[in-house]
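From a predicted model like this one, the values you see are computed outputs, not experimental measurements. Naming: A, B, ... by sequence-line order, numbering from 1 per chain.
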There are 2 protein chains.
Amino acid sequence: MGIAERKERERLEMRERIIQGALQMFLEEGYEKTSIRNIAEKIEYSPATIYLYYKDKDELLYEVQKQCFDMLAEIFQKEATAHDPFTRLEQICYTYIKFGRENAQLYDLMFIIKAPMNVVVEQKLWTNGHDAFGFLVHTLRQCIEQKQVRFKDPITAALQVWAMGHGLIALDIRCRIKVLEMTEEQVQCTIHDSIKEYLELIKY
Amino acid sequence: MGIAERKERERLEMRERIIQGALQMFLEEGYEKTSIRNIAEKIEYSPATIYLYYKDKDELLYEVQKQCFDMLAEIFQKEATAHDPFTRLEQICYTYIKFGRENAQLYDLMFIIKAPMNVVVEQKLWTNGHDAFGFLVHTLRQCIEQKQVRFKDPITAALQVWAMGHGLIALDIRCRIKVLEMTEEQVQCTIHDSIKEYLELIKY
DNA sequence: CAAATTTACTAAACACTGTTTACAAACCAA
DNA sequence: TTGGTTTGTAAACAGTGTTTAGTAAATTTG
């Protein structure tokens with residue numbers, strides 16, 4: 001009875017098609033213009049069809065977010081390869097900043113907008129960001145073991161490093177950095193310097 | 001001819017009434033449920049009337065944001081009074097974190113959502129955040145002069161401190177901190193520890 | 001004071017949004 | 001082939017920001 005398998009396969013293909021349409025909309029127009037109707041039009045189906053495959057928009061965005069985190073994990077794996085833990089930490093930070101600035105729309109979905117987190121309630125936990133954060137924690141644990149950083153607890157350390165990176169990117173993406181009254185290049189430079197200075201600060 | 005003056009006064013009163021209605025909606029329901037229609041209903045006017053006093057929603061939100069920044073500045077003035085610059089820096093940080101966690105909806109409008117920044121384009125600069133940021137820069141300049149912190153440039157320093165604080169609050173408000181798999185109290189504690197540890201880090 | 005004009009306001013519409021419902025067509029099993 | 005399930009959609013509902021046309025009150029003018 002191969003029909004059930006084929007149907008299941010077709011179902012997954014459709015889910016994938018919807019995700020890719022949504023991802024494309026996000027990349028091209030940003031999250032504000034990514035409506036169910038736009039996604040439906042992009043994949044040449046009616047809006048109602050999307051609701052046969054996803055409970056609501058939040059659930060769809062959650063899956064798109066998962067896709068984005070897979071991309072980030074892949075980039076980390078490619079860019080943060082140093083054997084020395086602290087060097088790897090530096091690679092992680094700069095890669096993160098670069099990813100955020102080059103993929104502002106995706107960064108929005110991953111770390112700023114509330115929507116995809118609505119599916120994560122009560123007991124259910126957020127697994128999308130797990131791998132990337134785990135990689136950071138692991139690297140910081142090695143840094144601590146080898147006494148390369150002024151931290152004691154790898155989790156607290158990871159949160160602090162992450163918050164610093166996210167803070168800089170988020171303030172930039174959401175234009176609050178305009179308070180500095182700088183040109184685009186100056187801002188980019190200042191953000192880079194801030195991370196660099198911070199890494200110097202935590203180094204033993 | 002006092003009529004013109006009275007009309008101008010009435011106009012300002014109406015603008016104020018709209019802002020207060022919007023602010024109330026923000027405080028009670030958050031920005032997602034703050035629609036022009038809701039604000040209009042709250043102040044007992046038709047939605048169209050709001051457009052006689054504000055060009056669009058972004059312009060209104062910008063004014064509400066200004067009000068929020070005035071509130072923050074007032075709180076800073078009340079809470080960060082220490083004569084010693086570094087102590088004052090600590091007060092600023094803890095006050096900022098406290099404000100963010102206690103007024104998540106306002107924090108959203110001030111630092112996270114894009115809308116109010118749309119009115120700030122090209123030449124026009126963002127004055128809402130000027131005072132609060134200036135206060136931080138001023139404090140850090142004094143810290144640097146008295147060699148209390150491991151920073152050279154007060155602007156870069158201010159950006160870094162701000163980014164750290166904002167990063168922690170933003171990740172919390174937008175639920176990304178769920179990756180830590182902690183209880184609400186643990187999160188609150190970890191955020192506080194992170195700031196504390198960071199302040200230790202930058203102290204000479 | 002009465003007429004003309006300007007001002008202040010709103011009902012209704014437009015073009016969107018996420019989502020649901022009722023229905024049609026395709027597919028599969030008997 | 002009949003009957004039932006699956007798959008997809010048009011249309012509607014309730015909401016959004018915003019604009020337009022029109023009304024009623026306030027003000028100025030003759």
Side-chain angles (χ1 to χ4, degrees), chain A residues 1-19 21-22 25-26 28-65 108-109 113-119, chain B residues 1-19 21-22 25-26 28-65 108-109 113-119:
Chain A
M1 197 58 69
I3 289 176
E5 282 84 343
R6 195 207 69 210
K7 289 230 168 178
E8 179 60 18
R9 203 171 57 237
E10 281 176 350
R11 182 175 169 76
L12 291 179
E13 277 171 14
M14 189 61 167
R15 279 178 70 96
E16 185 61 24
R17 192 175 302 130
I18 295 170
I19 289 182
M25 276 301 304
F26 257 92
E28 291 168 9
E29 310 279 355
Y31 89 94
E32 285 187 311
K33 287 182 182 171
T34 304
S35 68
I36 295 288
R37 281 176 170 81
N38 292 147
I39 298 168
E41 195 176 6
K42 177 140 287 188
I43 61 172
E44 296 177 297
Y45 279 86
S46 92
T49 301
I50 291 177
Y51 287 87
L52 298 177
Y53 295 87
Y54 293 98
K55 181 173 141 283
D56 53 27
K57 195 184 181 185
D58 289 346
E59 200 173 284
L60 167 56
L61 291 188
Y62 186 81
E63 294 301 313
V64 180
Q65 194 194 47
D108 242 9
L109 177 65
I113 72 173
K114 205 180 287 175
M117 307 307 286
N118 293 343
V119 306
Chain B
M1 197 58 70
I3 289 177
E5 282 85 346
R6 195 206 67 209
K7 290 231 167 176
E8 177 61 18
R9 203 172 57 238
E10 284 177 346
R11 183 177 167 76
L12 292 178
E13 278 171 13
M14 190 60 168
R15 280 178 67 97
E16 185 60 25
R17 192 174 304 131
I18 295 168
I19 288 181
M25 276 301 304
F26 257 92
E28 292 169 9
E29 310 280 355
Y31 91 93
E32 285 187 313
K33 287 182 181 170
T34 304
S35 67
I36 296 288
R37 281 175 170 83
N38 292 148
I39 298 169
E41 195 176 5
K42 175 139 285 187
I43 61 173
E44 296 176 298
Y45 279 86
S46 90
T49 300
I50 291 178
Y51 287 87
L52 297 176
Y53 296 87
Y54 293 98
K55 184 174 138 281
D56 53 25
K57 195 184 181 184
D58 289 346
E59 200 174 283
L60 168 56
L61 292 188
Y62 186 82
E63 294 302 314
V64 180
Q65 194 194 47
D108 241 11
L109 178 64
I113 72 174
K114 204 180 285 171
M117 308 307 286
N118 293 342
V119 307

Given A/L109, A/N118, A/V119, the one that forms side chain to side chain contact (heavy atoms under 4.5 Å, CB included) with A/Y62: A/V119

Integer-rounded Å distance: D/dT27 C1' and B/E10 CD: 12 Å

Sugar-phosphate, base or nothing in reach of A/R11, heavy atoms under 4.0 Å: nothing

Length of the CD-P vector between A/E8 and D/dT6, whole Å: 13 Å

Letter per nucleotide, 5' to 3', of nucleotides 8-19 of chain D [B base touched, S only sugar-phosphate touched, - untouched; heavy atoms, 4.0 Å]: BBB-B---BBBB

N-O pairing of B/R37 and B/E41 below 4.0 Å: no

Interatomic distance, B/I43 CD1 vs C/dC9 C1' [rounded to whole Å]: 12 Å

Flag, side chain of A/T49 to backbone of A/Y45, donor-acceptor distance under 3.5 Å: no

Rounded interatomic separation in angstrom, taking CD from B/E13 and C1' from C/dC9: 17 Å

Matching residue for B/I39 among B/M25, B/R17, B/K57 - test: side chain to side chain contact (heavy atoms under 4.5 Å, CB included): B/M25

Whole angstrom value for the distance that separates C1' of D/dA26 from CZ of B/R9: 16 Å

Salt bridge flag under 4.0 Å for residues B/E16 and B/R9: no

Atom-pair distance (NZ on B/K7; P on C/dT6), nearest Å: 12 Å

Heavy-atom closest contact (B/D56 atom, B/Y51 atom, distance): CA-CE2, 4.0 Å

